[in-house]
Amino acid sequence: MLKRIDHVGVVVDSLEEARRFLAAVGLRHDRDLDIPGRLKASFYTCGEIEIEVLEIIEPAERSRRLGEASARIEHIAIEVDSLAHALSGLAKLGVRMQTDAPVSLDKGLNYWTVAETCDGVIYQLIEVSGGHRGDREGR
């Protein structure tokens, strides 16, 4: 059902400060993601796992996801072979998703769990599209 941890998502109050810090500690910048008016993110490679740092732009969402903190670990993203199979197995455990339909973003199709249904942790489930499979194997 679950293949591997893809990335850990960290919400930050300043994406520029987070970028400077991650570069200074020697992590390799991989890519950026921009959802205009909503969020900006950067991904850094750390071994076989990425760290996503994201700054929420939209004020209400920023308050909900970051609060008064300067940064907080928000989610753990896990690559799955099949979203349908993963959702079926998780539903049997009482885990609910934040959306009814998957969100197409970055590497493929995504769902995020409702934290209260999985012991307080948000898990992002990613079914990677064909163009992204095996990206890390050459690294």
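The structure displayed is predicted, hence computed values, not measured ones.
Salt bridge annotation for Arg62-Asp13: absent, with no cationic side-chain nitrogen under 4.0 angstrom from a carboxylate oxygen. Salt-bridge check for Glu79 with Lys3: passed, with a basic side-chain N closer than 4.0 Å to an acidic carboxylate O.
Remark: Leu105 engages Leu33, Ile35, Val103, Asn110, Trp112 in a side chain to side chain contact (heavy atoms under 4.5 Å, CB included) (not counting sequence neighbours). In this structure Glu16 satisfies the side chain to side chain donor-acceptor pair (under 3.5 Å) test together with Arg19, sequence neighbours excluded.
Crowding of His29 atom NE2: a count of heavy atoms from other residues, nucleotides or ligands under 6.0 Å exceeding 12.
The distance between the ring centers of His7 and Phe43 falls below 6.0 angstrom.
Here Leu109 contributes atom CG and Ile126 contributes atom CD1; the two are 10.5 Å apart, rounded to the nearest 0.5 Å. Here the CD atom belonging to Glu48 is positioned 7.5 Å from the CZ atom belonging to Arg4, to the nearest 0.5 angstrom. With rounding to the nearest 0.5 Å, the separation of CG in Asp106 from CD in Gln124 is 8.5 Å. From Ile51, atom CD1 reaches atom OG1 of Thr45 across 9.5 Å, with rounding to the nearest 0.5 Å. With values rounded to the nearest 0.5 angstrom, Glu127 atom CD is found 10.0 Å from Tyr111 atom OH. Atom CD1 of Ile78 and atom CG of Leu2 lie 5.0 Å apart (nearest 0.5 Å).
Linking Ile, Leu, Val, Met, Phe, Trp and Tyr whenever their side-chain heavy atoms come within less than 4.5 Å leaves Ile73 and Ile122 in two separate clusters. Following chains of ILVMFWY side-chain contacts shorter than 4.5 Å, one cannot reach Val11 starting from Val121, and the two form parts of different hydrophobic clusters. Under the 4.5 Å side-chain heavy-atom criterion for ILVMFWY residues, no single connected hydrophobic cluster contains both Leu66 and Val8. Under a hydrophobic-cluster definition in which Ile, Leu, Val, Met, Phe, Trp and Tyr are linked whenever side-chain heavy atoms come within less than 4.5 Å, directly or via other members, Ile76 and Ile49 are assigned to the same cluster.
Under the side chain to side chain contact (heavy atoms under 4.5 Å, CB included) test applied with Ile56, the options Glu74, Arg64, Arg65 reduce to a single match, Arg65.
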Counting only pairs under 3.5 Å, give me each side-chain donor-acceptor contact of residues 88-101, with atom names and distances, residues two or more places apart or in other chains.
from: Gln98; atom 1: NE2; to: Thr113; atom 2: O; distance (Å): 3.0
from: Thr99; atom 1: OG1; to: Ala101; atom 2: O; distance (Å): 2.8

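Contact of the Tyr44 side chain with the Val53 side chain is registered, since non-hydrogen atoms from C-beta on lie closer than 4.5 Å. Under the 4.5 Å side-chain criterion, counting only non-hydrogen atoms from C-beta, Val12 is not in contact with Leu54.
A donor-acceptor contact under 3.5 angstrom links the side chains of Asp32 and Ser42, judged on distance only.
Panel note: side chain Glu55, backbone Leu15; a donor-acceptor pair is recorded below 3.5 Å.
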Residue pair Arg28, Glu50: steps toward the salt bridge (charged side-chain N to carboxylate O under 4.0 Å, His left out) verdict: CA-CA 10 Å; Arg28 183 179 60 82; Glu50 291 179 319; over 6 Å; no
